[in-house]
Amino acid sequence: MPYNFTAVEKKWQQYWLANKSFRALDPAEAGGAPKSYVLDMFPYPSGEGLHVGHCEQQTATDILCRYLRMKGHNVLHPIGWDAFGLPAEQYAIKTNTHPRVTTERNIANFRRQIQSLGFGYDWDREVNTTDPNYYKWTQWIFLQLFNSYFDPIQERAMPIGHLINELQNENYVIAPDGSIHINPVQEGLDPITGDLRVERIWTELAPEEGREIIDGQRLAYQAEVPVNWCPGLGTVLSNEEVIDGKSEVGGFPVERRPMRQWMLRITAYADRLVNDLDLLQWPDSLKEMQRNWIGKSVGADVDFEVVPPGDDVKRVEANRRDTGDTTEPDEELTITVFTTRPDTLYGATYMVLAPEHPLVDRITPTSHRETIESYRTMIAGKSDRDRMAETKDKSGVFTGAHAINPVNDQKLPIYIADYVLMGYGTGAIMAVPAHDERDFDFAKKFNLPIRQVVRPSGMAVSAMQGPTEEVEAAFVGEGIAINSDVINDLPTAEAKERIISILEREGTGRRSVKYKLRDWLFSRQRYWGEPFPIVLDEAGNAYDIPESELPLKLPEIDDFKPTGTPEPPLSKAREWLRYERDGKVFTRETNTMPQWAGSCWYYLRYIDPHNDQRFVDPEKEQYWMPVDLYVGGVEHAVLHLLYARFWHKVLFDLGHVSTLEPFMRLVNQGLILGEMEYHTVEDPPRKVSEDEVEKRGENYVLKSDPTVKVKAESFKMSKSRGNVVNPDDIVRDYGADTFRLYEMYMGPLEAQKPWNTRDIVGMARFLNGVWRNLVGDEETNKVAKIEPIAIPETIDRQMHRTIKKVEEDIAGLRFNTAIAELIKLNNEMTKLAVISRELAENFTLMLAPFAPHIAEELWERLGHTKSLARRPWPTHEPAKLLETTLELPVQVNGKLRDKIAVPADADEETILTTAAAAPGAKPWIEGKTMRKRLYVPKKLVNFVVG
RNA sequence: GCCCCGGUGGCGGAACGGCAGACGCUUCGGACUUAAAAUCCGAUGCCCGCAAGGGCGUGCGGGUUCGAUUCCCGCCCGGGGCACCA
């Protein structure tokens, strides 16, 4: 080893820390320097320590940041800890250690590891989500949510006080479902047609009613919702944390039960969250995942009147009493369905309600009650998984009731079936078997009529089967409306518009948009999370605590064990629970916030981490935001990235931040898999080493017995598989610089790639070679000759090409090809007896972002006293890139036959003549007819002969 | 089932209309060494040939083009996401 990487790396790590080499400047000190905010998804400091995936992400951003600093940017590159969460709490329960203790210990280990890799973070800006000075502001943001509502007229969040004002002034009225609308009178509408009758005015409400209305509008609200309750863990779990009805951690049974929970009204932002994706430079696949998750569908709500029982089977008195039906027997009932294809309304041949639909009891005549009930019981016993597994085999039962199609007065039978979900749309559908696969399957099974109303454009009318004849399959595409009266002959898009306007005029339907996105369940029954800054009165009504009481610290308790009931651990903190205000006694909220809370806004705290007056100073926020590049794993594609965008938009609406979106450009680094594993495909499979395997044709086989096939696979790194690579080992054996180079050299940042320890040595050889070229080799007493001479022309050209290429590659995050270019230049330098000082310095500067320790050491040995961290990046001179001679390939009929060297300024005819005479090309041309002579400037020559 | 992404030597990968395989690893040969490691130099897609040279090659089949790994159409395989969302 020509150089001692351990000593060199330690020396410069200490230097950087002592000199705060990577401090980001506040706007006032920054002068005219452009700003760059480069962000890593901050790690959860687990007990396992840093893994190679963290290192890949952080090396990539570190290289970019070091480069940007050399380009004169004021760079913000911070790090922190997402430290609340279940693992620390589980560990605390098991070992009876306070989670704070393990968290602190893990953070110290992570910090040590990160510093041992030489990442240039601004350590003065470190944040920790479990620090009360941090979660004070998480709680503060929660209060902003609690004290705001989404104004449907302005389509943005506003302080709840604004709503109260507008209601008091009767500008807004309340619909029976609790939603807020502009007062039709204020709009200049006729109060009769404006339907003021069914809306309520603030002044008519009792105070208690008014409070309920207001609470029902808050962005943070309480609701009784069915949750995944896990008694074994003593907490609710998200859907993602439940597998086959058991908890992912521990495998405890999970039950669904309704519980009072805190919810955040993310659904109010669904439309903006979809639309604003267009502003972002994110991977398309990731945007697509967010779009799918939000699941926006545009269509119409259509009202179908249930046929009065007098015309059908009487709903008898006993039936109505048992089911709690308070309507008069002849009162009209309406089923509202949602459809994205209102143009197929004429093709509806039956209707389906979700089994849980509240109208089911009210429409079902006594004669059918028993079958309906037994079907519902059967459904209730099935898990969600079973329900999903039977996609093709539809089940359902007839309710005995009918409804009237508003467009043609047809009487449609009403079914209940589990393929219709209560949780989406209105929980009811009109079924159009001719144009929906699910309806088609159901209609086939229950022998229901199929009526075609859309003709594929391009298909002749005569080619269509008759409306009620046997149809092979549903046609779900767009086409031309047929058998549809008023919309006949219209293409699908126009037919939709036309039918919606007719429905709206008749009052039997309206344009409607639905989303799959549900409100965010925001509370957990855990100890190790942010306490809510909320107190509850005896009735369970929530009140915020004053800002002056923040942070509301977690109480000290020594028993973190689940209570075995939905009562969270904080309920054991007797003293802490009691809260008194104005002589009234309240109880503190004992749920805590989920782990996502702290990570929803940490990028803002980095900007101003020590501010105790505000969560971020507005001037600094405007300077640094938005984040220019955000790098992290794809596992956060929907949850963290959706939640953070939502919080950011609320903060934007309330005037606390200046940008619509937090993260302009985002890159997902690919997963690093474990080393390739080989096993035979015989029974039973046997693990073999790489050396025993060779490739024969398509397959890998055993060298010793080529009849035995071998399979090569790489797996995700995991403790159980024993293929985890510990960065500490690699740093100890090869050094941080080599490790960084290796991780970047493996392949494109975004690609998934397998780890291969064998390959690391290539990067170690590269750095040793650099050292030998620029310093020498103590073992062989070789001293490098660096002298202030001019750079020889060929290597000068290559140097300028390298400067250009490395610069472009870093900006495009193509670190693997940038490193290849540096290796090439170093290989050339190896051949030189004397190296020009200018070349040595430029090379060192270019190497610095990738291998900063060795670069700093070389820089110092080249006679510099100050760190190169802010030294200007070398510039390439375009004039130096120009070749004096061109080497051109000569093709005949597209096949390479020879190469020629011509002066760069030679004219086309000279080049073509020279090429035709080239010894490799000539025999292929002679005696043939020249059909075409092609010269692609500076690229190649191609002769077409025949 | 639907939607994305990918398939290039023994391996990781490069080129993304213009010399396929940059660069690294591996393997082989050579130098240094008593020897080994380390290091350095050379070779390393496959086939035919002593060689010069020639042929074949970017998952498969077609197409566009003077020219296709690259663009278009149809398949096959692998990875990821969604999954009765009306």
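Letters go in sequence order (proteins before strands), and every chain restarts at 1.
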Exercise for review: Write down the partner of B:A20 under the Watson-Crick or G-U wobble criteria, each distance required to be under 3.5 Å.
Suggested key: none

Study note, to complete from the structure: Scanning all shown strands, the Watson-Crick or wobble mate of B:C71 with both distances under 3.5 Å is B:G63

Check your understanding: Under the criterion side-chain hydrogen bond (donor to acceptor under 3.5 Å, both in side chains), which of A:T344, A:D343, A:T339 is the partner of A:R341?
Key -> A:D343

Review point. Which part of the nucleic acid does A:R897 contact within heavy-atom distance under 4.0 Å: base, sugar-phosphate only, or nothing?
Key: sugar-phosphate

Study note, to complete from the structure: Among the nucleotides B:C23, B:C41, B:C19, whichever has the atom closest to the side chain of A:T830 is B:C41

Review point. Quantified in whole Å, what is the P atom distance between nucleotide B:U69 and nucleotide B:C19?
Key: 10 Å

Review point. With a 4.5 Å heavy-atom cut-off, do A:M930 and A:F943 have their side chains touching?
Key: yes

**Study point:** Inter-nucleotide P distance (B:U44, B:G53), Å rounded
**Key:** 14 Å

Practice item. Only pairs at least two apart or in different chains count here, so list each salt bridge (Lys or Arg N to Asp or Glu O under 4.0 Å) that has a residue in residues 284-303 of chain A. Key: A:D271-A:K296, A:D278-A:R291, A:E288-A:R291, A:D301-A:K514, A:D303-A:R510

Review point. If you check the A:I823 side chain, which of B:G24, B:C19, B:A86 turns out closest?
Key: B:G24

Quick one: which protein N/O atoms are closer than 3.5 Å to N/O atoms of nucleotides 26-33 of chain B? Pair and distance per line, please.
{"unit_1": "B:U26", "atom_1": "OP2", "unit_2": "A:R765", "atom_2": "NH1", "d": "3.4"}

Review point. Where the side chain of A:D759 is concerned, which of B:G54, B:C19, B:G24 is the nearest nucleotide?
Key: B:G24

**Study point:** Side-chain donor/acceptor of A:T399 to backbone N/O of A:I414, under 3.5 Å
**Key:** yes

Review point. Using the C1' atom in both, what is the distance from B:A20 to B:C75, to the nearest Å?
Key: 25 Å

Check your understanding: Which residue pairs pass the salt bridge (Lys or Arg N to Asp or Glu O under 4.0 Å) test when at least one of the two sits in residues 885-894 of chain A, sequence neighbours left out?
Key -> none

Review point. How many Å lie between CG on A:L767 and P on B:G24, as a whole number?
Key: 13 Å

Point to revise | Pairs touching residues 739-761 of chain A that satisfy salt bridge (Lys or Arg N to Asp or Glu O under 4.0 Å), sequence neighbours left out | key: A:E56-A:K753, A:D62-A:R740, A:E690-A:R758

Review point. Taking RNA chain B as the partner, which of residues 742-755 of chain A come within under 4.0 angstrom of it by heavy atom?
Key: A:Y745, A:M746, A:P748, A:Q752, A:K753

Review point. Any salt bridge (Lys or Arg N to Asp or Glu O under 4.0 Å) pairs touching residues 934-946 of chain A, not counting sequence neighbours?
Key: none

Check your understanding: In whole angstrom, what separates A:K716's NZ from B:G79's C1'?
Key -> 13 Å

Check your understanding: Taking atom C1' in both B:C50 and B:U39, what distance in whole Å separates the two?
Key -> 35 Å

Practice item. Step through it carefully: locate the ring centre of A:W771, locate the ring centre of A:F5, and say whether they are under 6.0 Å apart. Key: no

Check your understanding: CG of A:D418 versus P of B:A83: gap in Å, rounded?
Key -> 17 Å

Point to revise | Ring centers of A:Y350, A:F442 separated by less than 6.0 Å | key: yes

**Study point:** Check: A:Y419/A:D441 side-chain N/O donor and acceptor closer than 3.5 Å
**Key:** no

Point to revise | Partner residues of A:F475 under the ring pair (Phe, Tyr, Trp, His ring centres under 6.0 Å) criterion, sequence neighbours left out | key: none

Exercise for review: Can you tell me the distance, in whole Å, between the CD1 atom of A:I819 and the P atom of B:A14?
Suggested key: 12 Å

Practice item. Provide, to the nearest angstrom, the distance between the CG atom belonging to A:N826 and the P atom belonging to B:C40. Key: 10 Å

**Study point:** For A:M763, the option from A:D737, A:L741, A:N768 that meets side-chain contact (heavy atoms from CB on, under 4.5 Å)
**Key:** A:L741

**Study point:** Distance, P atom - from B:U64 to B:A68, rounded to whole angstrom
**Key:** 11 Å

Check your understanding: When you compare B:U26 with B:G12, how far apart are their C1' atoms, in angstrom units rounded to a whole number?
Key -> 11 Å

Check your understanding: Using atom P of each nucleotide, how far apart are B:A83 and B:C73 to the nearest Å?
Key -> 29 Å

Review point. What is the distance from CG of A:D809 to C1' of B:A22, rounded to the nearest Å?
Key: 12 Å

Revision key, fill the gap. With sequence neighbours left out, the residues meeting side chain to side chain donor-acceptor pair (under 3.5 Å) with A:Y375 are A:S395

Check your understanding: Can you name the nearest heavy-atom pair linking A:L673 to A:Q752, along with the distance?
Key -> CD1-OE1, 3.7 Å

Could you write out each protein N or O paired with an N or O of nucleotides 3-9 of chain B at a distance under 3.5 Å?
none

Check your understanding: In the structure shown, which nucleotide is the Watson-Crick or G-U wobble counterpart of B:G6, with both distances under 3.5 Å?
Key -> B:C77

**Study point:** OP1 or OP2 of B:A86 under 4.0 Å from side-chain N/O of A:S297
**Key:** yes

**Study point:** Partners meeting salt bridge (Lys or Arg N to Asp or Glu O under 4.0 Å) with A:R765 (sequence neighbours left out)
**Key:** none

Revision key, fill the gap. Judged by whether its glycosidic angle lies within 90° of 0, B:G9 is syn

Review point. Is the base of B:C19 touched by the side chain of A:K939 through a donor-acceptor pair closer than 3.5 angstrom?
Key: no

Exercise for review: May I ask you to say what A:D439 touches in the nucleic acid, namely base, sugar-phosphate or nothing, with a heavy-atom cut-off under 4.0 Å?
Suggested key: nothing

**Study point:** hbond_proxy A:K824 side chain to B:C23 base (donor-acceptor, 3.5 Å cutoff)
**Key:** no

Check your understanding: Across all strands shown, which nucleotide pairs with B:G42 by Watson-Crick or G-U wobble geometry, both distances under 3.5 Å?
Key -> B:C28

Point to revise | Heavy-atom closest contact (A:Y700 atom, A:A712 atom, distance) | key: CE1-CB, 4.2 Å

Check your understanding: More than 12 foreign heavy atoms under 6.0 Å from NZ of A:K785: is that the case here?
Key -> no

Exercise for review: Give the minimum heavy-atom separation between A:V941 and A:A915, together with the two atoms involved.
Suggested key: CG1-CB, 3.8 Å

Practice item. Starting at atom CD of A:E675, determine the distance to atom P of B:C25, rounded to an integer number of angstrom. Key: 16 Å

Review point. What's the CG-C1' distance between A:L822 and B:C23, to the nearest Å?
Key: 11 Å

Write out a two-atom table: protein N or O, nucleotide N or O from nucleotides 65-74 of chain B, distance below 3.5 Å.
{"unit_1": "B:C66", "atom_1": "O2", "unit_2": "A:N942", "atom_2": "ND2", "d": "2.6"}

Check your understanding: Which whole number of Å gives the distance between the P atom of B:G78 and that of B:U8?
Key -> 14 Å

Exercise for review: Identify whether the distance between the nearest side-chain nitrogen and carboxylate oxygen of A:R933 and A:E909 falls below 4.0 Å.
Suggested key: yes

Review point. Taking the side chain of A:K394 as heavy atoms from C-beta outward, which of B:A15, B:C41, B:C84 is closest to it?
Key: B:C84

Nucleotide N/O to protein N/O under 3.5 Å, stretch nucleotides 56-62 of chain B:
{"unit_1": "B:C56", "atom_1": "OP2", "unit_2": "A:K895", "atom_2": "NZ", "d": "3.4"}

**Study point:** Touch class at under 4.0 angstrom, heavy-atom based, for A:F440 against every strand present
**Key:** nothing

**Study point:** Sugar-phosphate only, base, or nothing, as touched by A:K516 at under 4.0 Å among non-hydrogen atoms
**Key:** base

